[in-house]
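Some notes on the structure that comes next.
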Amino acid sequence: MILVILAALSGAIAVAAGAFGAHGASGSAAEWLKTGAQYQLVHVVAALVAVRMEARGPAWLFLIGAAIFALTLYAMALGAPRWFGAITPIGGALLIGGWLWLAWSAARP
């Protein structure tokens, strides 16, 4: 149940960030907010599907990876130093790992 709660909260954050990117920010900040929101929302859905498949490991990777990926972009959009962008690929690597783990879980007998 904790995964579903975290996914729901993550979805809410993503919608808020995307809305701010579309209506309250401009330039690079708007793009970072929109990109973070898109990746975060996609991986909320992926996490919920993984939970439904009883693949909790991939679900955790999706949520943690999306949080790192998106939150570093959100932080830069809100004025954090640009070096935060060096952290973003860690989240991306976790997302890729989640997809590979989910594929492996689905392929197991």
Side-chain angles (χ1 to χ4, degrees):
M1 186 58 75
I2 188 71
L3 282 166
V4 174
I5 293 167
L6 292 173
L9 293 173
S10 183
I13 292 167
V15 171
F20 183 55
H23 303 290
S26 61
S28 295
E31 291 305 313
W32 291 331
L33 289 162
K34 290 176 190 177
T35 299
Q38 180 182 8
Y39 274 74
Q40 193 173 8
L41 277 173
V42 165
H43 289 90
V44 162
V45 174
L48 292 171
V49 168
V51 167
R52 180 81 173 160
M53 293 173 59
E54 297 185 13
R56 303 227 183 303
W60 278 108
L61 282 185
F62 290 144
L63 292 178
I64 294 167
I68 293 169
F69 184 91
L71 293 177
T72 56
L73 293 177
Y74 301 160
M76 289 190 310
L78 296 173
R82 296 282 300 250
W83 64 260
F84 268 55
I87 302 168
T88 308
I90 295 169
L94 292 173
L95 296 174
I96 292 167
W99 285 111
L100 294 173
W101 192 351
L102 185 63
W104 179 78
S105 295
R108 291 188 328 194

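Note that the structure is predicted; figures quoted are calculated from it, not measured. Side chains included, hydrogens not; waters and symmetry mates left out as well; all remaining heavy atoms used.
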- prompt: Do F62 and L41 belong to the same hydrophobic cluster, where Ile, Leu, Val, Met, Phe, Trp and Tyr are linked whenever their side-chain heavy atoms lie under 4.5 Å apart, directly or via other members?
  reply: no
query: Heavy-atom distance under 4.5 Å between the side chains of F69 and L94, does that happen here?
result: no
field: Closest non-hydrogen atom pair between A37 and A14, with its separation
entry: CB-O, 3.3 Å
Nearest non-hydrogen partners of L95 and G65, listed with the distance: CD2-C, 3.7 Å
message: When you group the ILVMFWY residues by side-chain heavy-atom contacts below 4.5 Å and let the links chain together, are L73 and V42 in the same group?
response: no
message: Please report the interatomic distance CG(L63) to CG(L9), rounded to the nearest 0.5 Å.
response: 10.0 Å
field: Members sharing F20's hydrophobic cluster (side chains within less than 4.5 Å)
entry: I13, L33, L71, Y74, L78
query: Taking all atoms of both residues into account, what is the closest heavy-atom pair of S105 and P58, and its distance?
result: OG-CG, 4.2 Å
field: side-chain hydrogen bond (donor to acceptor under 3.5 Å, both in side chains) partners of residues 78-101, not counting sequence neighbours, each pair once
entry: H43-W99, T72-T88
Check: Q40 side chain, S10 main-chain N or O, donor-acceptor pair, under 3.5 Å: yes
task: Identify the heavy atoms of L3 and A59 that sit nearest to each other, and give their distance.
output: CD1-CB, 4.0 Å
- line: Distance col, row I64:CD1 vs L6:CG, nearest 0.5 angstrom, shows 9.0 Å
query: For I96, what are the other residues in its hydrophobic cluster, where any two members join if their side-chain heavy atoms are less than 4.5 angstrom apart?
result: L100
Residue pairs passing the side-chain hydrogen bond (donor to acceptor under 3.5 Å, both in side chains) test where at least one lies in residues 47-70, sequence neighbours excluded: none
- line: Between A22 and K34 the two heavy atoms that sit nearest each other are CA-CE, 3.9 Å
Contact check, side chains of I87 and I68, non-hydrogen atoms, under 4.5 Å: yes
query: What closest approach, in Å, do P81 and M76 show between heavy atoms, and which atom pair accounts for it?
result: O-CG, 3.7 Å
- line: residues 11-24 vs side-chain hydrogen bond (donor to acceptor under 3.5 Å, both in side chains), sequence neighbours excluded, gives none
field: Qualifying residues under side chain to side chain contact (heavy atoms under 4.5 Å, CB included), relative to S28, sequence neighbours excluded
entry: W32
